[in-house]
Amino acid sequence: MTDRYAVFGNPIGHSQSPRIHALFAAQTGQDLSYQAILAAKDGFAAAVRAFMASGDGPAKGANVTVPFKEEAFRLATRRTARAEAAGAVNTLSFEQDAMIGDNTDGAGLVRDLKHNLGCDPAGRRILLLGAGGAARGVILPLLLERPAELLIANRTEETAARLALEFANSFARLPGCAVDVKPDGTGFPGLSGRQFDLVINATSAGLSGASLPLPPGVFGPRCVAYEMVYGRETPFMAQARAAGARVADGLGMLVEQAAEAFFIWRGVRPRTAPVLAALKGN
Ligand code: NDP
């Protein structure tokens, strides 16, 4: 019997996950199926239950994307520390009566930075732009890499300040999550006169073509600028390039977070380079 997996979202037509997991399965010789499921905005839990009850083989797990990651967090019967810190779940594993919730986005970003881009966050001054779900998901994994500094900057300053305080006060005390650096939060005007080695754009500004009011000095010498949005050249990428930074988009993070989910489910870590190349059309 073939093990079954799916990704749930709304919309879901654009999802690359079925293609990525099919490539991983072929590469590692794993017998599984992976489908994309459009769930109604108020029908996520029902869609997951229907998926688990239907089909020829056992339902073993699911990925979850916008707008259901918070609902998946509540649906999970157990959660990993990194899912707790993210406040969101993008990977579910079905085990007998348990539904285990994890979040692989932060691990995906860190792996892309370290293994694909040769940019180890350790000892770097990191600027994280944005304070929404994507930013929240990567804070703990970044802190665990022991950067020199982590500053969260957001259009709405209070959200950045609240997020930084939350991590400084609570998550650093979770088992296995001891960190040296306490994040700080600010608005964009607070970036004036500051300089960073790694600037990560976790805002959705690029989706609407909006640019961010960043002082050019934020991109320090040999800075890496990471745009979580992928598949397009965003104003942030253009700004960073003009300031002399090395620029990457979020396609590598997408593939690496999928590889982490595949590893959780199957106990095998697929090679990501050929999959990344296939998605880029190389
Ligand atoms: P949210 O809606 O939760 O948060 C959006 C964030 O962007 C907020 O901080 C918001 O600021 C900020 N923002 C939006 N528009 C602007 C603007 N014009 N100027 C300045 N700031 C702006 O979204 P997510 O956190 O879930 O996702 C953010 C991005 O990350 C998305 O584009 C998504 O595609 C990408 N992503 C990529 C992944 C990958 O694997 N590559 C994985 C996950 C996400 P404010 O608080 O002031 O509203």
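Numbers here simply count residues along the sequence, with the first being 1. Indexing begins at 1, ligand by ligand and atom by atom, following the structure's order.
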| message | I'd like to know whether E227 forms a salt bridge (charged side-chain N to carboxylate O under 4.0 Å, His left out) with R232, so could you lay out the CA-CA distance, the side-chain angles of the two residues, the decisive distance to 0.1 Å, and finally the verdict. | response | CA-CA 10 Å; E227 169 65 271; R232 64 179 81 192; over 6 Å; no

| request: Say whether D112 and Y226, considering side chains only, have a donor N or O and an acceptor N or O under 3.5 Å apart. | output: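 The answer is yes; a qualifying pair exists.
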
| field | F73 six-ring centre to R79 NZ/CZ under 6.0 Å and within 45° of normal | value |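 Verdict for F73: a cation-pi partner in R79.
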
| message | Can you see whether F196 has R125 sitting over its ring - NZ or CZ less than 6.0 Å from the centre and within 45° of the normal? | response |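 So R125 doesn't make the cation-pi contact.
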
For ligand 1, what N or O to protein N or O distances fall under 3.5 Å?
| unit_1 | atom_1 | unit_2 | atom_2 | d |
| --- | --- | --- | --- | --- |
| ligand 1 | 3 (O) | G133 | N | 3.0 |
| ligand 1 | 7 (O) | S204 | N | 3.1 |
| ligand 1 | 9 (O) | A131 | N | 2.9 |
| ligand 1 | 9 (O) | N154 | OD1 | 2.8 |
| ligand 1 | 11 (O) | N154 | OD1 | 3.2 |
| ligand 1 | 25 (O) | G133 | N | 3.1 |
| ligand 1 | 25 (O) | A134 | N | 2.7 |
| ligand 1 | 41 (N) | M228 | O | 2.9 |
| ligand 1 | 41 (N) | G250 | O | 3.0 |
| ligand 1 | 46 (O) | N154 | ND2 | 2.9 |
| ligand 1 | 47 (O) | R155 | NE | 3.1 |
| ligand 1 | 47 (O) | T156 | N | 3.1 |
| ligand 1 | 47 (O) | T156 | OG1 | 2.5 |
| ligand 1 | 48 (O) | R155 | NH2 | 2.9 |

Would you be so kind as to tabulate the donor-acceptor pairs closer than 3.5 Å made by side chains of residues 51-63, with sequence neighbours excluded?
| unit_1 | atom_1 | unit_2 | atom_2 | d |
| --- | --- | --- | --- | --- |
| S54 | OG | A50 | O | 3.1 |
| S54 | OG | F51 | O | 3.4 |
| N63 | OD1 | H21 | NE2 | 3.4 |
| N63 | OD1 | Y34 | OH | 2.6 |
| N63 | ND2 | N90 | O | 3.1 |
| N63 | ND2 | T91 | OG1 | 3.4 |

| message | Could you check whether F68 and F44 have their ring centres less than 6.0 Å apart? | response |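 Between F68 and F44, which both carry aromatic rings, the centre distance is below 6.0 Å.
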
